[in-house]
Chemist: 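Next up is a structure, given as structure tokens.
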Amino acid sequence: MTAQENSIERIGARLASGETSISATVEAALASAERLNETLNAFLQIDRPGALKRAAELDAARDGGGDTTRRDADSSTSKAEASTSDGATMKGALYGIPIAVKDNICVRGLQTSCGSRILGSYQPPYDATVIERLNAAGAVVVGKTNCDEFAMGSSNENSAYGPVRNPWDTARVPGGSSGGSAAAVAARIVPVALGSETGGSVRQPAALCGIVGLKPTYGRVSRYGLVAFGSSLDQVSVFGQTVLDAATVLQTIAGRDERDATTADVEVPDYASELRASGDVRGARIGVPRALFGEGLDPEVRASVERAIEVYRDLGAEIVDVELPHAKYSIAVYYILATAEASSNLARFDGVRYGFRTEEARTLSEMYRRTREEGFGAEVKRRIMLGTYVLSSGYYEAYYRKAQLGRSLLKEDFRQAFERCDAVATPTTPTPAFLIGEKTDDPLSMYLSDIYTCTANLVGIPGISIPCGLSSERLPIGFQLMARHWNESTLLRLARAYEQAQPFGHQPRVM
Ligand code: GLN
């Protein structure tokens, strides 16, 4: 099945024509999730009963014209209310569409483990705002996907529940930290899935799995109900097989949320209609930071990304050189700031408030210590220690403050680059998918996987990864576009123009 055949648009058309029902569509997604999970380990929980019940309700509502699009009637978001009570939602693009959700985003009634033993089968008593909005649009959550523990990682090997395998080659990683969601979309289990980004955790696995990954502007999408890692960087992000599908999900989940003060009151365009209306990219200026195409970049990735840039030239875009002089510091800056924020955010996991508590402890402090010792994995501990270190007195000035300064310089780099261009193009990752186990003993080389992606998180701008070819080993390669704050429209238009000029058209081995 091609990406197009399993797109939201096509599924929607089959539903509209009566060729299939929502129940049958959801049953197919569940069956393929169950069948492939032994091979891929993409899902930590598959909600067969819940998803089928909801599908039956949606079928009934559609046939009867009633309004039961919501699982929870007590939402406080005005957008959700507006979209439930009118019939338009019923015909909305996401009505009846199965979707998978990374296991660090709260869905009421399902687990939220964050890939960690310390949360285990913890069940949040509420839905994240993004889930409320998807529910209001009629989407059907089929399950929670595997991820690196607390979203820390680039390979999914840091999950307490085992690695996810890449559907293109099961000896290889799918990328991370949102590897389960990426694998689920790549293997055509669901057309779209939610992941989260702190430093590239959707764009990087999207590239390694041959699908589209979209990180919105910081503040575009509510973080309410997303378990915090690095709060100034985190953003719920979207996987799709097509650019249009990613756009459809983004416009559903985006917008101001009273429960997240960092969401901005910026109008959310109807991205899908915009995309349908215009695919013209003539005159668009694409900035290429050549200096980043050097050391450490796999030659096949470089060649593929350079070809992608030429496609834009052929489409009438203008290719300009840009410089991002401080981009070389981005990994260092990112790993100081992200670990600092994580060390504070993860203090709440103490054996009292949520999830796991050690069996053996005689005193309170022993209980805290043992709970965290037994509950967290090695990478999470490493990050808590690093973060605590860079925030401790004496080191704060030398590391944390310096990294903040570096972040400001990066923002300035991009401000200047965007005076010359509408989007910056780079590879998404330095290499195609690596082997499971290849980098586990070398955290630094693992951290370098984020070299092209983490800048967008630091600067707060949107980024998208688009598949642009296969390596000689038949592994997907992706390129990335980044645009100004709030300029997802530009990204999506450019991405779709590429996708239409150069359809990816390849299929993974496992699906
Ligand atoms: N791979 C990066 C990290 O390990 C990014 C993670 C993310 O975006 N959640 O921190």
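Sequence positions, counted from 1, serve as the residue numbers for this chain. Just so it is clear, the model here is predicted, and its values are computed rather than measured. Remember, it's 1-based here, ligands and their atoms both numbered in the order they're listed.
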Chemist: Over 60° means perpendicular and under 30° means parallel, so tell me whether Y312 and F479 are parallel, tilted or perpendicular.
Modeler: perpendicular
Chemist: Sequence neighbours excluded, which residues qualify as ring-ring contact (aromatic ring centres under 6.0 Å, His included) partners of Y399?
Modeler: Y389
Chemist: In terms of ring plane angle, is the pair F504 and H506 parallel, tilted or perpendicular, where the classes change at 30° and 60°?
Modeler: perpendicular
Chemist: Between Y354 and F349, does the ring centroid distance fall short of 6.0 Å?
Modeler: yes
Chemist: Between E132 and R259, is there a salt bridge with N-O shorter than 4.0 Å?
Modeler: yes
Chemist: Which protein residues come within less than 4.0 angstrom of ligand 1, counting heavy atoms only?
Modeler: A151, M152, G153, S154, S177, E197, T198, G199, G200, S201, F229, Y334, Y335, R383, D450
Chemist: Taking the six-membered ring of F293 (Phe, Tyr or Trp), confirm whether the NZ or CZ of R290 is under 6.0 Å from its centre and within 45° of its axis.
Modeler: yes
